[in-house]
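As the structure is a computational prediction, the values presented were derived from the model and not from experiment.
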Amino acid sequence: MIPYIAMIVILFVYIASSTIFESSQKYQTENIKARIEGFRNWHNELGGSSYDLGEIEFTTIGVISKVPSSINVTLFRPYPWEAKNVMSLINSLESLFLFIFTIFVLIKVGFINFFRIISKNSFVLGGLIFSLFFAFVIGFSSYNFGALSRFKIPLMPIYLFVLYFAYLSKKNKENLRFD
């Protein structure tokens, strides 16, 4: 029964989303492209605490090519040398801590082992997928460090939990081996 129900749900979601995207002007590709370009140009004109992802082609490959830089912007920027005021400096220290903690966990656990640990727990895997997808979306669309720091609040506890879970899983596994 589960595969049949899954196929029905997938078909329903596809038809519903196609209908919504076709009927609503707000969600059509050209309008989304224009809105993102508008955000980008507006923040670049203002200067201040804006960032740029470079030239974006609004094709599937073009958007996918910006996934790593969007995630990097959301999680690890502004860098300390990009701080122009006190709040930017605080945000840059937070991002620096997150970068150091991410590298620390990946070194302690191991890059491949990290994904093995995460994939064994569907809740944690879902948290990682949510965090990275959400990081991509807000990094790709905000173009301002001030807005970015507010938008990334929902993903930070989940991302930190995923890192901490992997670290503790590795640590507990090592302790079990030596006891």
Below 30° counts as parallel, above 60° as perpendicular, anything between as tilted: where do the rings of Phe136 and Phe133 land? tilted
Leu148-Tyr79 co-clustered via ILVMFWY side chain contacts under 4.5 Å: no
Are Asn85 and Ser88 close enough that a side-chain donor and a side-chain acceptor fall under 3.5 Å? yes
In the single-linkage hydrophobic clustering (I, L, V, M, F, W, Y; side-chain heavy atoms under 4.5 Å), do Phe111 and Ile107 co-cluster? yes
dist Ser70:OG -> Leu75:CG (nearest 0.5 Å) comes out at 10.5 Å
As a quick check of understanding, evaluate side-chain contact (heavy atoms from CB on, under 4.5 Å) for Arg77 and Glu82, giving each step before the final call. CA-CA 8 Å; Arg77 283 185 67 189; Glu82 294 176 324; 2.6 Å; yes
Below 4.5 Å, heavy atoms only, C-beta onward: do Lys108 and Val105 meet side chain to side chain? no
Test item: Arg150 side-chain N/O and Gly146 main-chain N/O as donor-acceptor pair under 3.5 Å: yes
Distance check, rounded to the nearest 0.5 Å: Ile118 atom CD1 versus Asn121 atom CG? 8.0 Å
Heavy-atom pair of closest approach, residues Lys66 and Ser69: O-OG, 3.2 Å
Thr74 side chain vs Gly139 backbone, donor-acceptor pair below 3.5 Å: yes
Counting only heavy atoms not in Phe99, do more than 12 sit closer than 6.0 Å to its CZ atom? no
Kindly work out whether a path of hydrophobic side-chain contacts (I/L/V/M/F/W/Y, heavy atoms less than 4.5 Å apart) joins Phe104 to Leu93. no
Linking I/L/V/M/F/W/Y whenever any side-chain heavy atoms sit under 4.5 Å apart, do Tyr4 and Val13 land together? no
Take atom CZ of Phe130 as the centre, draw a 6.0 Å sphere, and report whether it contains more than 12 heavy atoms from other residues, nucleotides or ligands. yes
Determine all donor-acceptor pairs shorter than 3.5 Å in which one atom belongs to a side chain in residues 153-164; sequence neighbours excluded.
{"from": "Tyr159", "atom 1": "OH", "to": "Thr102", "atom 2": "OG1", "distance (Å)": "3.1"}

Could you tell me the separation between the CD1 atom of Ile112 and the CD1 atom of Ile117, rounded to the nearest 0.5 Å? 12.0 Å
Do Ser95 and Lys152 have side chains that get closer than 4.5 Å, going by heavy atoms? yes
Ring pair (Phe, Tyr, Trp, His ring centres under 6.0 Å) partners for Phe123, two or more places apart: none
So Val124 and Leu128, do their side chains get closer than 4.5 Å, heavy atoms only? no
Can you hop from Leu98 to Ile103 via hydrophobic side chains spaced under 4.5 Å? yes
For the pair Phe145 and Asn91, evaluate side-chain contact (heavy atoms from CB on, under 4.5 Å) and give the outcome as yes or no after the intermediate values. CA-CA 9 Å; Phe145 288 127; Asn91 288 335; 5.7 Å; no
Would you compute the distance between atom CD1 of Ile138 and atom OG of Ser149 and round it to the nearest 0.5 angstrom? 9.5 Å
Heavy atoms, side chains only, cut-off 4.5 Å: are Phe76 and Leu96 in contact? no
According to ring pair (Phe, Tyr, Trp, His ring centres under 6.0 Å), who are the partners of Phe114, at least two apart in sequence or on a separate chain? none
